[in-house]
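Notes follow once the structure below has been shown.
Counting starts at 1 for both ligands and their atoms, following the listed order.
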Amino acid sequence: MRRLIGTVSGVFALVACSASNGASTAPSSPAAPPSASSPSVARSASAATAGTTGIGDPYFPGDGNGGYDVTHYSLALAYDPGRKHLGGTATVEAKAVQNLSQFNMDLHGFTVSKVTVDGADAQFDRKGDELTVYTDLDDQDDFKVTVAYAGTPEPVRGSANLGTYGFVPTADGSFVTSEPNGAKTWFPSNDHPADKATFDFRLTVPEGVTAIANGELTAPPKTEGGQTTFLWRESHPMATYLATMTTGKFSVRTGDSPGGIPVYAATDPRYDGVLDNLFTESGKITDHWSKVFGPYPFKSTGGVVDDFDAGYALENQTKPIYGGFEPDQSIIAHELAHQWFGNSLSITRWKDLWLNEGFATYAEWLWAEDNGQATAQNAFDQAYANATDALWDYPPGETRPDDLFNASVYIRGAMALHALRVAIGDDKFFPMLKKWVADHKYGNVTTEEFIELAEQTAGRQLGDLFDAWLFERTRPPKVG
Ligand code: TRP
Ligand code: ZN
């Protein structure tokens, strides 16, 4: 246990600093008299300070929190689609990374009825999307917080050029897609991909409704008094935005991929006709990526097609979701590639989003190439020919917070990878992808780390290539 006395150590640091600068002669200004520091010594037995209200991502200053790292979430939640009412308890296991007098969690809406820290009632308050918990924890303490809460979830509507996201109530349940910061619309969390954790879900819904979360069912669903409870566990670290609690009427097919990976596929009754195709393609494509990118990082794969007309898909960990359309092979290949790029390897800051979307888009090109439809070079040529000025004006290597999911992050991000492949050759490019995935499995990554690996692989500097494709606001020359 390390207790720092803030004010006093600050004075010491200042003194030490001026002494070292002052050669061996007398310091130009005298050290503070001892009396000046005594009040603070008397006041602070411990220098516990507040955890910050954000994790430090300049794009979303309120997202995530400072002062602790979450290791595990246990979400015991009941959802009633008829009343659009969600309630229950979130248990969050975490480690303090500083002495903490208080810390925050991200939570939007709901009434919080009770908070405990290590079993004892804790004071808390709410302000905006922050839940503040008052406590007294030492640096490196492991602690357990429970938050009891209930209410009607309010999804995030159309900020940062995004559609509606988070916990979206539907006619028969919920459609839950939380990228980039919608986890706070359904559970209290450190809502930022830099803090990944494992998850347990205990989800209760009316009988006849299916509750789908990440990972695997740990027991058969149990019905009692008209309510069915589903126990799911994601045993690998997961970013909060990839957590899901999708509920409703679903047809389900389970089994194994040809390569032996368990597959869970579910479709809203409106999409029953695509269940077998979703099951088969998801298994087949997961097997394929396991050969190209290295072993599948999770224990099961699959997909969910819901009737909520989102018009988009999200790579929810182990269970990508498709909102209101029949997914083709290309989008299934995209969402499943995210299991490696985005989910196992997660970004540290949102500015690096091309590490998710550029890679998943390049995977679409690889899928077509591997199936003899068109080469990645064909796809690159077409993207280059179709590119508008907007694509060249938006450098994907540093996304814009108000336009995070710009087409450039996807397409020019994929073009950057193709340019790299052309520059270093297939013999180096594909092993490099596998090394990237293996070196950072279940972790967090940055663009700088990727560039470093690329240069190490190439045995030469690639600054010009990455500047041209990721960072400059001009059209690079065609490659290939
Ligand atoms: N990551 C998704 C994809 O490329 C797109 C996406 C961004 C999204 N934000 C979202 C999907 C919010 C659903 C909800 O596949
Ligand atoms: Zn994507």
- For H334, the atoms of ligand 1 under 4.0 Å from one of its heavy atoms are 3 (C), 4 (O), 15 (O)

- closest protein heavy atom to atom 4 (O) of ligand 1 is Y410 OH, 2.8 Å

- Query: Does the ring center of F450 lie less than 6.0 Å from the ring center of F359?
  - Reply: yes

- Query: Ion pair present between D57 and K351, side-chain N to carboxylate O less than 4.0 angstrom?
  - Reply: no

- Message: Suppose we call two aromatic rings close when their centres sit under 6.0 Å apart. Are H334 and W367 close by that rule?
- Response: no

- Item | Y73/F201 aromatic ring centres below 6.0 Å | no

- Polar proximity ligand 1 side, Y165 side, N/O cut 3.5 Å exclusive: no

- Query: In the protein, which heavy atom is nearest to atom 15 (O) of ligand 1, and how far is it?
  - Reply: E335 OE2, 2.8 Å

- Query: Short list, please: which atoms of ligand 1 are under 4.0 Å from a heavy atom of L314?
  - Reply: 1 (N), 2 (C), 8 (C), 11 (C), 13 (C)

- Ranking G323, G311, A313, S178 by closest non-hydrogen atom to atom 2 (C) of ligand 1, top hit is A313

- Query: Hey, are K291 and D370 close enough for a salt bridge, meaning a charged N less than 4.0 Å from a carboxylate O?
  - Reply: no

- Message: What I want to find out is whether D129 reaches K184 closely enough, with some N-O distance under 4.0 Å, to be called a salt bridge.
- Response: yes

- Message: If I take every N, O or S atom of E357, is at least one of them less than 2.8 Å from the Zn ion (ligand 2)?
- Response: yes

- Query: Which protein non-hydrogen atom lies closest to atom 10 (C) of ligand 1, naming both residue and atom, and how far is it?
  - Reply: E179 O, 3.6 Å

- Task: Using a strict 4.0 Å cut-off to heavy atoms of E315, name the atoms of ligand 1 that fall inside it.
- Result: 1 (N), 2 (C), 3 (C), 15 (O)

- Give the numbers and elements of all ligand 1 atoms closer than 4.0 Å to a heavy atom of T177. 13 (C), 14 (C)

- Given the options F110, F199, Y241, F187 meets ring pair (Phe, Tyr, Trp, His ring centres under 6.0 Å) only with F199

- Protein contact of atom 13 (C) of ligand 1 - nearest heavy atom, named by residue and atom, plus distance: Y312 CE1, 2.8 Å

- Query: To the nearest 10°, what's the angle at the Zn ion (ligand 2) between atoms NE2 (H338) and NE2 (H334)?
  - Reply: 100°

- Quickly, which of Y296, Y362, Y442 forms a ring pair (Phe, Tyr, Trp, His ring centres under 6.0 Å) with W340? Name it, please. Y296

